[in-house]
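This report refers to the structure that appears directly beneath it.
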Amino acid sequence: MKKQNVRTLSLIVCTFTYLLIGAAVFDSLESKTEAKRKEVLQEIESIIKRKYNISDDDFKIMETIVLKSEPHRAGRQWKFAGAFYYATTVLTTIGYGHSTPSTVGGKLFTMCYAMIGIPLGLVMFQSIGERVNRLSSVIIRSVKSSLDCRQKEASELDLICVVTTLSSLTIAGGAAAFSRYEGWTYFDSVYYCFITLTTIGFGDMVALQKDSALSDKPEYVMFALIFILFGLAIVAASLNLLVLRFVTMNTEDERRDEAQAMQALAGAVRLEGDVITANGSILSGQLGHHCTETTSLDADDQSVCSCSCFPTHRYSGRRSSTAKHLLPILPMHELHPPQGPLVPSPAIYTSHRASI
């Protein structure tokens with residue numbers, strides 16, 4: 001089995017195993033809390049219904065009104081600032097879900113916009129990530145040169161350390177700002193930054209969604225958008241070093257196998273029906289459509305030359321029915337007669353047949 005197939009199968013097994021482990025851990029961590037929270041909400045619902053004498057239908061209407069009015073707390077979601085924020089979440093595939101189009105035209109344009117915008121965004125962030133890695137390598141080389149290090153070139157491990165540090169600083173700084181503006185705890189802000197920059201985008205925590213921030217706080221809107229775009233560029237730099245390197249391993253293995261096959265093919269010499277490899281071994285009757293017509297030479301088909309002027313390998317060829325009328329091969333000393341008086345030639349042996 002090829003190395004690429006083994007790697008692919010191993011990745012499938014590891015991924016499903018990782019999913020099973022994650023499901024088991026999330027089940028143990030969240031299931032009990034979910035059950036308790038549901039019981040508390042149901043108890044509060046019963047208390048409100050008894051206190052204000054509200055029917056079940058009226059309570060469902062109130063619940064719908066509360067859920068539908070939640071996005072409007074941020075201000076006008078579809079004015080230019082809110083629309084730009086929504087377009088950013090579409091292009092970056094974050095998809096918070098805090099605001100969604102309600103018209104047919106808006107939904108249709110979202111699909112068309114995403115088909116062009118998502119590839120464009122991926123290519124842009126990938127290109128920015130490559131430039132960040134190039135800049136990081138230049139800085140690392142300069143630092144090593146100033147410190148008179150023996151190895152002055154930036155290694156892949158150095159780049160990973162730099163990009164990881166830069167990503168951590170970006171998340172830490174953004175979390176501090178969001179904690180101040182949104183009133184979240186610092187841990188929740190770190191959680192929001194991580195979910196955003198990895199484009200998971202659950203939507204349970206979304207910035208710019210209260211106190212009419214979209215219309216009344218333009219500086220905060222600008223900061224949130226710059227943080228998303230800059231942070232995604234840093235994450236793209238990390239992915240360029242970590243994920244893409246592993247993804248291209250299959251392609252590199254395939255190219256290596258093709259190069260080895262071409263090298264082996266170039267080191268083989270093909271005769272009619274036979275292949276003489278680079279190490280001198282003969283593969284008889286393995287290639288070509290004349291394989292069934294070729295046979296190796298028998299005793300009387302061999303050359304009568306007993307000297308070492310020709311290779312000792314046995315070659316195979318196609319027998320010819322017209323070879324018998326050819327002249328017999330003379331001994332080698334007849335081909336190069338010595339200087340001096342001529343000597344009568346010895347008898348010609350007619351028992352030898354020439355073969356082609």
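When a residue number appears, it is its place in the shown sequence, counting from 1. These numbers were taken from a predicted model, which means no experiment stands behind them.
- Stacking of K49 on the aromatic ring of F59 is recorded, both the 6.0 Å distance cut-off and the 45° axial limit being met.
- Ring-centre distance between Y191 and W184: not below the 6.0 Å cut-off.
- F223 pairs by the ring-ring contact (aromatic ring centres under 6.0 Å, His included) definition with F178, not counting sequence neighbours.
- Every residue meeting the side chain to side chain contact (heavy atoms under 4.5 Å, CB included) condition with I128, not counting sequence neighbours, appears here in chain and number order: M124, V132, A233.
- Contact annotation: the side chain of I226 approaches that of M222 to within less than 4.5 Å [non-hydrogen atoms, C-beta and beyond].
- Looking at M205 and D188, their side chains come closer than 4.5 Å, going by heavy atoms from C-beta outward.
- Judged as a side chain to side chain contact (heavy atoms under 4.5 Å, CB included), and not counting sequence neighbours, E30 has no contacts.
- With sequence neighbours excluded, the residues forming a ring-ring contact (aromatic ring centres under 6.0 Å, His included) with F109 are Y113, listed by chain and number.
- Aromatic ring centres of H98 and Y86: separated by at least 6.0 Å.
- Judged as a ring-ring contact (aromatic ring centres under 6.0 Å, His included), and not counting sequence neighbours, F194 has no contacts.
- Side-chain contact between E153 and D158: absent, with no pair of heavy atoms (C-beta onward) separated by less than 4.5 Å.
- T17 is linked by a side chain to side chain contact (heavy atoms under 4.5 Å, CB included) to V13, I21, counting only residues two or more places apart in sequence or in another chain.
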